[in-house]
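Here's the structure we're looking at; comments come further down.
Numbering of ligands and ligand atoms starts at 1, following listing order. None of the values given here were measured: they were computed from a predicted structure.
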Amino acid sequence: TVADLKGLKQGSLRLAVITTAKYIIPRLLGPFCELYPGIDVSLQVTNHEGILERMTANLDDLYIMSQLPEHLDIQFQPFLENPLVVFAPVNHPLSTETNISLERLAQEPFIMREPGSGTRRAIQSLLEENGIKVKVKLELGSNEAIKQAIAGGLGISVLSRHTLLSDAHQFSILDAQHFPIKRTWYIVHPSGKQLSIVARTYYEYLLGAAKRIVEEEIIQS
Ligand code: PGA
């Protein structure tokens with residue numbers, strides 16, 4: 001019976017995800033935990049550097065991250081897109097302009113994520129490739145804190161579009177050259193590590209959820 005099948009899925013699931021994925025993973029856990037009440041979940045949210053450390057120490061079953069590690073033997077599977085976009089306060093003068101150049105963006109005070117952040121690294125490599133320097137007014141270790149600082153008028157920043165929730169009316173997403181920066185979330189685990197039944201079940205569940213999300217977006221757009 002279904003109840004017996006559910007009973008088979010017992011144990012613990014250890015997840016570690018980068019900060020941008022916290023906007024989606026906890027919500028997806030709801031239906032999963034309802035489906036498998038016997039599974040206990042621990043979810044760590046940390047930046048790119050933190051994920052690499054946890055992976056090196058083999059602390060978790062599955063990881064979600066955007067930039068794949070170069071020096072670790074891993075298996076990975078694309079999960080969902082994670083585009084980075086330029087956030088400004090809602091009435092910012094640039095919000096009505098199109099095709100804004102990096103040079104123009106660089107004239108605005110910039111709010112930057114902390115060292116170790118994958119978002120920061122992605123922005124920095126775009127700027128370096130184009131020989132552009134931004135004026136970093138403020139460095140903050142959280143996407144949410146950056147959003148508050150932007151809303152407070154301290155500057156502009158580049159964040160994952162997924163960080164935009166019901167507060168979208170407080171921000172304008174600028175139409176800038178080179179943006180969105182295309183990134184993908186991957187589900188990752190060390191190659192040598194055999195996934196538990198629980199981890200495998202969650203892995204399949206995530207892929208199914210991603211498929212539904214993409215389909216819904218296609219229908220909505
Ligand atoms: P971050 O992760 O929290 O390290 O910036 C986001 C990402 O790498 O996509």
Side-chain angles (χ1 to χ4, degrees), residues 14-29 42-57 59-72 74-88 102 105 110-129 132 134 136-151 154-165 167-168 171 173-174 176 178-190 203 206-207 209-210 213-214 217:
R14 302 181 68 92
L15 305 172
V17 309
I18 47 164
T19 66
T20 50
K22 87 166 177 203
Y23 289 86
I24 188 155
I25 294 298
R27 195 174 278 246
L28 291 181
L29 275 174
S42 105
L43 171 65
Q44 300 293 325
V45 179
T46 173
N47 69 15
H48 178 79
E49 205 63 41
I51 295 288
L52 290 183
E53 281 165 19
R54 294 191 68 87
M55 207 181 275
T56 306
L59 295 181
D60 308 282
D61 298 309
L62 293 171
Y63 302 85
I64 293 183
M65 66 194 314
S66 307
Q67 180 154 1
L68 296 170
E70 283 159 23
H71 304 294
L72 293 171
I74 53 152
Q75 285 184 14
F76 61 92
Q77 166 76 38
F79 172 49
L80 282 170
E81 287 177 10
N82 177 29
L84 300 181
V85 296
V86 187
F87 277 59
L102 284 181
L105 286 184
F110 204 87
I111 308 168
M112 190 69 100
R113 282 282 305 279
E114 77 287 359
S117 151
T119 304
R120 174 187 172 115
R121 206 199 284 185
I123 303 159
Q124 283 185 331
S125 43
L126 174 70
L127 294 174
E128 271 163 33
E129 276 163 27
I132 302 283
V134 291
V136 178
K137 164 112 180 164
L138 190 62
E139 197 172 282
L140 287 174
S142 120
N143 298 313
E144 221 34 54
I146 289 182
K147 284 167 60 190
Q148 294 308 317
I150 295 168
L154 281 169
I156 65 169
S157 189
V158 174
L159 295 171
S160 165
R161 191 186 284 141
H162 290 284
T163 66
L164 212 54
L165 300 171
D167 53 5
F171 302 98
I173 303 303
L174 300 186
H178 304 282
F179 288 92
I181 300 177
K182 284 200 179 148
R183 307 188 89 209
T184 303
W185 281 322
Y186 296 94
I187 313 172
V188 180
H189 65 94
Y203 186 92
L206 276 183
L207 291 183
I213 289 169
V214 169
E217 280 168 359

Please report the closest heavy-atom contact between Leu84 and Phe179, naming both atoms and the distance. O-CD2, 3.5 Å
If we ignore hydrogens and angles and just use 3.5 Å, is the side chain of Asn47 paired with the main-chain N or O of Glu49 as donor and acceptor? yes
Ligand 1 versus Ile51: contacting region, heavy-atom distance under 4.0 Å: neither
Is there a donor-acceptor pair under 3.5 Å between the side chain of Asp61 and the backbone N or O of Arg14? yes
List ligand 1 atoms under 4.0 Å from Gly118, heavy atoms only on the residue side. 1 (P), 4 (O), 5 (O), 8 (O)
Atoms of ligand 1 less than 4.0 Å from Arg113 heavy atoms? 1 (P), 3 (O), 5 (O)
Verify the ring-centre separation between Phe79 and Tyr186: is it less than 6.0 angstrom? no
Looking at ligand 1, is there an atom of it that comes within less than 4.0 Å of some heavy atom belonging to Gln67? no
Using a 4.0 Å heavy-atom cut-off, which part of Met65 comes near ligand 1: side chain, backbone, both, or neither? neither
Ranked by distance from atom 9 (O) of ligand 1, the top protein heavy atom is Ser66 OG, 2.4 Å
What do you reckon, does Trp185 have a nitrogen or oxygen under 3.5 Å from a nitrogen or oxygen of ligand 1? no
Donor-acceptor contacts, no H, no angles, side chain residues 136-147, under 3.5 Å, sequence neighbours left out:
{"from": "Glu139", "atom 1": "OE1", "to": "Arg120", "atom 2": "NH1", "distance (Å)": "3.1"}
{"from": "Ser142", "atom 1": "OG", "to": "Glu144", "atom 2": "N", "distance (Å)": "3.2"}
{"from": "Ser142", "atom 1": "OG", "to": "Ala145", "atom 2": "N", "distance (Å)": "2.8"}
{"from": "Asn143", "atom 1": "OD1", "to": "Arg113", "atom 2": "NH1", "distance (Å)": "2.7"}
{"from": "Asn143", "atom 1": "ND2", "to": "Thr19", "atom 2": "OG1", "distance (Å)": "2.9"}
{"from": "Glu144", "atom 1": "OE1", "to": "Tyr23", "atom 2": "OH", "distance (Å)": "2.3"}
{"from": "Glu144", "atom 1": "OE1", "to": "Lys147", "atom 2": "NZ", "distance (Å)": "3.4"}
{"from": "Glu144", "atom 1": "OE2", "to": "Lys147", "atom 2": "NZ", "distance (Å)": "3.4"}
{"from": "Lys147", "atom 1": "NZ", "to": "Thr163", "atom 2": "O", "distance (Å)": "2.6"}
{"from": "Lys147", "atom 1": "NZ", "to": "Asp167", "atom 2": "OD2", "distance (Å)": "2.8"}

Within this structure, what is the CG-CZ distance for the pair Leu164 and Phe171, rounded to the nearest 0.5 Å? 7.0 Å
What's the separation between atom CZ in Phe110 and atom CG in Leu105, rounded to the nearest 0.5 Å? 7.5 Å
Any N or O of Asn82 closer than 3.5 Å to N or O of ligand 1: yes
Atom 8 (O) of ligand 1: closest protein heavy atom, distance to 0.1 Å, is Arg183 NH1, 3.0 Å
Close N or O approach (Ile18, ligand 1; < 3.5 Å): no
Under 4.0 Å from one or more heavy atoms of Thr20, ligand 1 contributes atoms 6 (C), 9 (O)
Charged N-O contact under 4.0 Å between Arg54 and Asp60: yes
Looking at Leu52 and Pro69, what are the two nearest heavy atoms and their distance? CD2-CB, 3.5 Å
Ligand 1 to Thr46 polar contact by distance, N or O atoms, under 3.5 Å: no
Show which atoms of ligand 1 fall inside a sub-4.0 Å distance from at least one heavy-atom site of Asn47. 3 (O), 4 (O)
heavy-atom search around atom 3 (O) of ligand 1 in the protein gives Thr19 OG1, 2.5 Å
